[in-house]
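Counting begins at 1 with the first residue of the sequence. What you are looking at is a predicted structure, and each value in this text was computed from that prediction instead of being measured.
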Amino acid sequence: MKTVKTNLTVNKTKDVDDVPRNVVALSATAVTKDWELARHQHRKAQLIYSVRGIIRCEVEDGVWIVPPQCAVWVPGDLVHSARGSGECYCLFVEPEAVENLPETCCTLSVSPLFRELLLRATEIPALYALGGREERLMATLLDELVMAPVEDFYFPMPRDPRLRQLAEMLLADPAEKITKGDWASRIGMSERSMSRYMSCEVGMSFGRWRRQLHVIIALQRLSKGESVQEVALGLGYENASGFVTMFRKVVGKPPARYLFERTTTLETNNVPTIMLPDLGEA
């Protein structure tokens with residue numbers, strides 16, 4: 001990945017811990033190429049939001065691939081890395097600033113009001129005056145943060161080194177078409193052992209785990225303007241029909257309808273969440 005420098009560097013994100021304010025908002029320079037922040041951590045919790053581009057955030061236990069109009073939430077002191085494209089906005093929040101902040105890493109839907117408050121907050125000096133309108137704006141922003149719906153754009157990462165290797169292979173080539181037994185052989189496990197470890201480590205079957213990855217990647221690509229046919233072939237499906245069937249089973253509706261409803265519902269501040277019923281093995 002070719003990266004570009006923005007005004008949101010790793011050092012700068014660490015510096016926010018020294019700012020004596022409960023909330024600090026920063027924006028990166030608008031870019032058209034990819035940006036990347038290496039693994040780092042800070043005391044303040046962080047919200048990362050991209051207006052148009054896709055964000056990928058990684059922690060030890062999982063990967064979040066966040067489409068436009070969503071943001072990823074990272075609790076304080078959690079080691080993470082992030083990369084994406086386009087203009088990036090970040091909100092840093094002291095863990096005790098407000099009650100009911102998310103306690104784990106997650107993806108949050110960003111309503112139009114939430115977005116406008118966040119963009120306005122990035123224009124406020126880091127050392128804004130306490131007791132005035134700027135502090136009140138930050139307080140309203142925190143209210144919207146607490147109320148933001150959680151989206152299920154999460155690909156859990158196992159801790160077992162062999163399953164971790166499997167996850168990296170799936171992320172590198174999600175279109176690979178081999179049986180579960182062949183995947184198990186590649187990582188030096190029996191199919192039965194892989195299934196048992198998978199259930200214990202990520203809480204779902206291999207088939208459901210892989211489908212979740214395909215849905216996340218599909219939403220990422222569809223949000224960038226790729227057609228259903230292009231996405232289906234890119235994920236290893238023989239045709240668009242097979243892909244749409246999988247997507248409907250996981251999400252409850254076909255991709256075009258889901259994206260349309262998600263876009264229109266965002267405008268009314270009521271965003272649906274992906275439900276992932278356990279469909280058994282693929």
> Taking the side chain as C-beta and beyond, is there a heavy-atom pair between Glu201 and Pro156 under 4.5 Å?
Replying inline: no
> Would you call Arg186 and Glu176 a salt bridge, using N to O less than 4.0 angstrom?
Replying inline: yes
> Considering residues, nucleotides and ligands other than Met147, do more than 12 of their heavy atoms fall under 6.0 Å from its CE?
Replying inline: no
> If only atom types and distance count, is the side chain of Glu135 paired as donor or acceptor with the main-chain N or O of Gly131 below 3.5 Å?
Replying inline: yes
>> Does Glu123 have more than 12 heavy atoms from other residues, nucleotides or ligands lying within 6.0 Å of its CD?
In response: yes
>> Would a single hydrophobic cluster contain both Met157 and Val79, if residues Ile, Leu, Val, Met, Phe, Trp and Tyr are joined by side-chain heavy-atom contacts under 4.5 Å?
In response: no
> What closest approach, in Å, do Pro102 and Cys106 show between heavy atoms, and which atom pair accounts for it?
Replying inline: CB-SG, 3.9 Å
>> If the condition is side-chain contact (heavy atoms from CB on, under 4.5 Å), which residues does Arg133 pass it with, not counting sequence neighbours?
In response: Arg120, Arg136
> Under a 4.5 Å cut-off applied to non-hydrogen side-chain atoms, are Arg43 and Glu94 in contact?
Replying inline: yes
>> According to side-chain contact (heavy atoms from CB on, under 4.5 Å), who are the partners of Arg162, at least two apart in sequence or on a separate chain?
In response: Asp160, Ile187, Met189, Tyr197
>> Before you tell me yes or no, could you show the steps for Thr107 and Val150 under side-chain contact (heavy atoms from CB on, under 4.5 Å), namely the whole-Å CA-CA distance, both residues' side-chain angles and the distance that decides it to 0.1 Å?
In response: CA-CA 6 Å; Thr107 301; Val150 176; 5.8 Å; no
>> Any non-hydrogen side-chain atom of Ser81 less than 4.5 Å from a side-chain atom of Glu36?
In response: no
> At their closest point, which heavy atom of Gly181 faces which heavy atom of Glu191, and how far apart are they?
Replying inline: CA-OE1, 3.5 Å
> How many angstroms lie between CG in Leu47 and CG in Leu118, if you round to the nearest 0.5 Å?
Replying inline: 6.5 Å
>> I'd like to know whether Val74 forms a side-chain contact (heavy atoms from CB on, under 4.5 Å) with Phe92, so could you lay out the CA-CA distance, the side-chain angles of the two residues, the decisive distance to 0.1 Å, and finally the verdict.
In response: CA-CA 9 Å; Val74 184; Phe92 296 89; over 6 Å; no
> Does the side chain of Trp209 reach to within under 4.5 Å of the side chain of Pro158, using non-hydrogen atoms?
Replying inline: yes
>> One pair to check against side-chain contact (heavy atoms from CB on, under 4.5 Å): Arg115 and Tyr89. What are the steps and the verdict?
In response: CA-CA 10 Å; Arg115 179 183 66 241; Tyr89 296 87; over 6 Å; no
> Linking I/L/V/M/F/W/Y whenever their side-chain heavy atoms sit closer than 4.5 Å, directly or via other members, would Val63 and Val215 fall into one cluster?
Replying inline: yes
>> Within the structure provided, determine whether Ser205 and Arg208 are in side-chain contact (heavy-atom separation under 4.5 Å).
In response: yes
>> Could you measure the distance from the CG atom of Leu142 to the CG atom of Leu101? Nearest 0.5 Å is fine.
In response: 7.0 Å
> Taking all non-hydrogen atoms of both residues, which atom of Val59 and which atom of Cys105 are closest, and how far apart?
Replying inline: CG1-SG, 4.2 Å
> Side chain of Lys44, backbone of Val16: donor and acceptor closer than 3.5 Å?
Replying inline: yes
> Just by modelled atom types, is the Gly242 backbone N or O under 3.5 Å from a matching donor or acceptor in the Asn239 side chain?
Replying inline: yes
> Who pairs with Val19 by side-chain contact (heavy atoms from CB on, under 4.5 Å), at least two apart in sequence or on another chain?
Replying inline: Arg21, Val24, Ala126, Leu127
> Are Arg39 and Glu58 within salt-bridge range, i.e. N to O under 4.0 Å?
Replying inline: no
> Among side-chain atoms of His80 and Gln46, is any donor-acceptor pair under 3.5 angstrom?
Replying inline: yes
> CE of Met246 to CZ of Arg210: how many Å apart, nearest 0.5 Å?
Replying inline: 10.0 Å
>> My understanding is that only residues two or more places apart in sequence, or in another chain, count here; which of them pass side-chain contact (heavy atoms from CB on, under 4.5 Å) with Ile216?
In response: Ile65, Phe155, Gln212
> Atom NE2 of His40 and atom CG of Leu78: how far apart are they, to the nearest 0.5 Å?
Replying inline: 10.0 Å
> With distance as the sole test, does Thr122 use its side chain to make a donor-acceptor pair with the main-chain N or O of Leu119 at under 3.5 Å?
Replying inline: yes
>> Using the rule given for side-chain contact (heavy atoms from CB on, under 4.5 Å), can you reason through Arg83 versus Leu37, listing the C-alpha separation, both sets of side-chain angles and the distance that settles it, and then say yes or no?
In response: CA-CA 6 Å; Arg83 64 182 188 230; Leu37 295 175; over 6 Å; no
> Taking all atoms of both residues into account, what is the closest heavy-atom pair of Thr104 and Pro75, and its distance?
Replying inline: C-CG, 3.5 Å
> Does the side chain of Cys88 reach to within under 4.5 Å of the side chain of Cys90, using non-hydrogen atoms?
Replying inline: yes
> Under 4.5 Å between any side-chain heavy atoms of Tyr128 and Val23, yes or no?
Replying inline: yes
> How far apart are the closest heavy atoms of Leu117 and Thr140, and which atoms are they?
Replying inline: CD1-CG2, 3.8 Å
>> Quick check for you: to the nearest 0.5 Å, what is the distance between Tyr237 atom OH and Gln229 atom CD?
In response: 13.5 Å
> Which pair of heavy atoms, one from Ala121 and one from Leu141, lies closest together, and at what distance?
Replying inline: CB-CD2, 3.8 Å
> Quick one: CG on Leu108 to CD1 on Ile48, what's the gap to the nearest 0.5 Å?
Replying inline: 11.5 Å
> Pairs in or reaching into residues 49-73: which pass ring pair (Phe, Tyr, Trp, His ring centres under 6.0 Å), with residues at least two apart or in two chains?
Replying inline: Trp64-Tyr154
> Short question: side chain of Glu116, backbone of Leu113 - any donor-acceptor pair under 3.5 Å?
Replying inline: no
> Any side-chain heavy atom of Val231 sitting closer than 4.5 Å to one from Phe247?
Replying inline: no
> Between Ser199 and Ser195, is there a donor-acceptor pair closer than 3.5 Å when you use the side chain of the first and the backbone of the second?
Replying inline: no
> Does Leu233 share a hydrophobic cluster with Leu235, counting links as ILVMFWY side-chain heavy atoms below 4.5 Å and allowing steps through other members?
Replying inline: no
> Ser185: what forms a side chain to side chain donor-acceptor pair (under 3.5 Å) with it, not counting sequence neighbours?
Replying inline: none
> So, Phe243 versus His214, ring centres under 6.0 angstrom or not?
Replying inline: no
